[in-house]
2 protein chains.
Amino acid sequence: MAEKRYHHGNLKECLIEAGIDLINEEGEKHFSLRRVAALCGVTNAAPYSHFNSKEELLNAMQNYVTNQFTAELKKSIKDEDLDSPTAIIKLGKCYVMFFIRNPQYFDFLFSQSSVRVDLNMNDDGANNYPPFELLRKLTFRVFGKMGLPQEEIKDIVISEWATVHGLAAIATMKGISYDHDWEQKIEDIIVHE
Amino acid sequence: MAEKRYHHGNLKECLIEAGIDLINEEGEKHFSLRRVAALCGVTNAAPYSHFNSKEELLNAMQNYVTNQFTAELKKSIKDEDLDSPTAIIKLGKCYVMFFIRNPQYFDFLFSQSSVRVDLNMNDDGANNYPPFELLRKLTFRVFGKMGLPQEEIKDIVISEWATVHGLAAIATMKGISYDHDWEQKIEDIIVHE
DNA sequence: AACTCTATCTTGACAGTGTAAAGATTCAAG
DNA sequence: CTTGAATCTTTACACTGTCAAGATAGAGTT
């Protein structure tokens, strides 16, 4: 039982994590600034010392989850041969399975999200959405080695992202019934391209 | 100037259409029952004569838009040869372009939506999400004629849906920059499979 | 034509929300 | 020890979804 102090000491991070917990347990619908504040043992307006609005806290929470997502994606290709197509398949499978394991996160991350991506792929992709950037770099590496022209690879990148993102969207829809093993089926579908 | 009558006469439909207008103009964020009621020239609690909750009105609005979406999809393959793969491409292109023309609708229809789909495709698909059902029937028709086994066609259906749904999701993200012609690119990507 | 029933809309209230302003408390630097 | 900045509380306001009670109007019956 932590003693009740005037200064919380770690409120900013506590708000972010409590907010994510709240979304996991009750859904974004029942999320509110005041409830998150209460969960951290703090009053109404305390969050405004760290965030200028509810939306800013939600953005911070999205970044937190996105970092977690990106870390898992990176780990999924850690021991793979980065010049082989199997790495792309591993990455795509991880993309979908992350949201099958955490269905709440899909809507949370992508509905009214601040994902930034240059689909023209002209610049260095520095401020692109990190999961997309992982997929983009890996795909250019693999298909570049195979001698495919840049423009064709661009189409492949978009196609790959659409496939895995679409599969994640479908798999996490609330009214979906599916008896089979997603992990297996996803691999079949990705490989089949 | 409609005279101010106690009974609106057409409130239910008026609420649905005014609600959709509100979402188109200000986004789901600023949608509220009271504002929609005001737009229809009616007070706070009037909507409760036609809907038991805010969520019920939102569902009705989603159905309204989904019907519009389904009608456009049907029209897109009206003059096509339903045994040819080109029909599938037309349908898929229409799926994506609908949301590129109406970006607000993607989040509105699919975030926390009540889409119902049996991906096992065992029953007759009677209460499946209509746009999916269009794609499913058409695909079984085309690839059935080509002699492909049922299980393989099932995978193709899911893959097709994931692709067009994913493309729509990506194309309607707020932070996406893309200089080329979506309609052309989408066709390339769908055909390439 | 008068009456009644029912669907529809209004009024007023309540708890919960995001947010702003003003004040209280603590901590760290000088 | 003092002072200033950072952090948290208190209070207040407008807005929200929802409910209960009452007002109104139209449709059907007699």
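Order of the sequence lines fixes the chain letters, A, B, ..., with proteins taken first and strands second; residue numbering starts at 1 for each chain. Model, not experiment: these values are computed from the prediction.
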Self-check item: Criterion side chain to side chain donor-acceptor pair (under 3.5 Å) against A:Ser177, the qualifying member of B:Asp123, B:Asp118, B:Asn122
Solution: B:Asp118
Exercise. Select base, sugar-phosphate, or nothing to describe what B:Ser32 touches, counting heavy atoms under 4.0 Å on all strands.
Key: sugar-phosphate
Over how many whole Å does the gap from [X] atom [atom1] to [N] atom [atom2] extend?
X	N	atom1	atom2	value
A:Arg34	D:dT10	CZ	P	13 Å
A:Lys29	C:dG16	NZ	P	15 Å
A:Asn52	C:dT19	CG	P	10 Å
B:Leu15	C:dT8	CG	C1'	12 Å
A:Leu33	C:dG16	CG	C1'	13 Å
B:Lys12	C:dC9	NZ	P	12 Å
A:Tyr48	D:dC8	OH	C1'	15 Å
B:Leu11	D:dT24	CG	C1'	15 Å

Quiz prompt | A:Arg35 (side chain) and C:dT17 (base): donor-acceptor pair under 3.5 Å | solution = no
Of the candidate nucleotides [options], which contains the atom at the shortest distance from the side chain of [X]?
X	options	answer
A:Ala46	C:dT19, D:dT9, D:dG17	D:dT9
B:Val42	D:dC8, C:dC9, D:dT18	C:dC9
B:Asn44	D:dC8, C:dG12, C:dG18	C:dG12
A:Ala45	D:dC8, C:dA20, C:dC9	C:dA20
B:Thr43	D:dT18, C:dT10, D:dT9	C:dT10

Self-check item: Shortest non-hydrogen contact between A:Phe110 and B:Met173, atoms and distance
Solution: CD2-CE, 3.9 Å
Self-check item: Closest contact, heavy atoms only, B:Ile156 versus B:Leu148
Solution: CD1-CD1, 4.3 Å
With a sphere of 6.0 Å drawn around [atom1] of [X], does it hold more than 12 non-hydrogen atoms of other residues, nucleotides or ligands?
X	atom1	value
B:Lys90	NZ	no
B:Lys93	NZ	yes
B:Lys154	NZ	yes

Practice problem: Note down the inter-axis angle between the two ends of the helix from C:dA1-D:dT30 to C:dG30-D:dC1, five pairs each, to the nearest 10°. | Solution: 0°
Quiz item: So, is A:His50 close to the D:dC8 phosphate, meaning a side-chain N or O under 4.0 Å from OP1 or OP2?
Solution: yes
Practice problem: Please assess A:Arg136 against A:Glu133 for the test salt bridge (charged side-chain N to carboxylate O under 4.0 Å, His left out), listing each intermediate value before the final yes or no. | Solution: CA-CA 5 Å; A:Arg136 187 182 73 84; A:Glu133 203 53 24; 2.5 Å; yes
